[in-house]
Amino acid sequence: PKKINLAVKNGKLTIDVVHPVNKTTDHYIDQIIISINGKEYKTIKPTKQSSEKSELTTVDLPAVKAGDQIEVKARCNEFGTKSAKIKI
């Protein structure tokens, strides 16, 4: 992954993992781990990438409050990981 863009709005976390590929079924983001305040909240395991430019997903965050820190780690099925953080 090149970059992870995060946004929180109305109790939802939008994750945009920038990862340009030619074939979304062969080379893709295969794991996204979401942690809140250091505790693992959810793991998403895509089986293909949503577009040739990035993996885009939205997750409900029902229990977050001001001051909470969210960290997202994304992994490519071929090589490499990237992480990003956002504070509410």
Handout entry: Heavy-atom pair with the smallest gap, counting every atom of D26 and N77
Key = O-ND2, 3.0 Å
Fill in the blank from the handout: NZ of K82 to SG of C76, rounded to nearest 0.5 Å, is 12.5 Å
Practice task
Look at the side chain of S50 and the backbone N and O of L56, then say whether any donor-acceptor pair between them is shorter than 3.5 Å.
Solution key: yes
Problem - I4 CD1 to I86 CD1 distance, which is reported to the nearest 0.5 Å - result: 12.0 Å
Practice task
Would you check if I44 and T57 make a side-chain contact, meaning some heavy-atom pair closer than 4.5 Å?
Solution key: yes
Exercise for the section: Report whether I70 and I15 are members of the same hydrophobic cluster (ILVMFWY, side-chain heavy atoms less than 4.5 Å apart, transitive linking). Expected result: yes
Handout entry: Reported CD-to-OG1 distance for the pair Q31 and T43, which is rounded to 0.5 angstrom
Key = 6.0 Å
Practice task
Using side-chain hydrogen bond (donor to acceptor under 3.5 Å, both in side chains) as the criterion, list what pairs up with S54, not counting sequence neighbours.
Solution key: D16
Practice task
Starting at CG of L6, measure out to OG1 of T14 and round the result to the nearest 0.5 Å.
Solution key: 9.0 Å
Handout entry: Test item: V64 and I36 side chains (from C-beta on) under 4.5 Å apart, heavy atoms
Key = yes
Problem - Pairs satisfying ring-ring contact (aromatic ring centres under 6.0 Å, His included), at least one member in residues 20-56, at least two apart - result: H19-H27
Completion exercise
Rounded to the nearest 0.5 angstrom, the CD1-CZ distance for I32 and R75 is 11.0 Å
Fill in the blank from the handout: Rounded to the nearest 0.5 Å, the CG atom of N10 sits from the CG atom of L61 at a distance of 11.5 Å
Exercise for the section: Would you mind reporting whether V72 and I33 have side-chain heavy atoms less than 4.5 Å apart? Expected result: no
Fill in the blank from the handout: Taking every heavy atom of N5 against every heavy atom of K3, the minimum-distance pair comes out as OD1-CE, 3.1 Å
Practice task
Please examine the side chains of D68 and K87, heavy atoms only from C-beta on, and report whether any two atoms are closer than 4.5 Å.
Solution key: no
Problem - Closest non-hydrogen atom pair between A74 and P1, with its separation - result: O-CG, 3.9 Å
Exercise for the section: Sequence neighbours left out, what pairs pass salt bridge (charged side-chain N to carboxylate O under 4.0 Å, His left out) with at least one residue falling in residues 41-63? Expected result: K12-D60
Exercise for the section: Kindly work out whether a path of hydrophobic side-chain contacts (I/L/V/M/F/W/Y, heavy atoms less than 4.5 Å apart) joins V8 to V17. Expected result: yes
